[in-house]
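Order of appearance sets the numbers: ligands from 1, and atoms from 1 within every ligand. For this chain, numbers begin at 1 and follow the sequence in order.
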Amino acid sequence: MTKVLHCAEVVPGCAHTMEGETEDEVMQQASAHAASEHDMTDISPELAEKVRSRIKDE
Ligand SMILES: [Zn+2]
């Protein structure tokens, strides 16, 4: 089972997909991607929770 997050679920139009073995791994990738691609360096707890809820098992 792989944890998958499609960035478009959070940032419409972005084709980037993050994959990892655990939610935490995906969240780390997501924060790095958000910072480098979307200038989102300050992730609030609410946003982190929203992102985490979009992670799916594939
Ligand atoms: Zn993105």
### Task
Flag the pair M27 / I55 as yes when at least one side-chain heavy-atom distance between them is below 4.5 Å, and no otherwise.
yes
### Message
Running the 4.5 Å side-chain criterion over Ile, Leu, Val, Met, Phe, Trp and Tyr, what cluster does M1 land in, apart from itself?
### Response
none
#### Entry: Residue pair H38 / C7, side-chain heavy-atom distance below 4.5 Å
yes
### Query
Is any side-chain N of the basic residue among E25 and K3 closer than 4.0 Å to the acidic one's carboxylate O?
no
### Sum of protein N, O or S atoms, each under 2.8 Å from the Zn ion (ligand 1)
4
### Message
Test of understanding: with ring pair (Phe, Tyr, Trp, His ring centres under 6.0 Å), list the residues that count as partners of H16, not counting sequence neighbours.
### Response
H33
### Task
List in chain and number order the residues that pass side-chain hydrogen bond (donor to acceptor under 3.5 Å, both in side chains) with T17, two or more places apart in sequence or in another chain; answer none if no residue qualifies.
H6
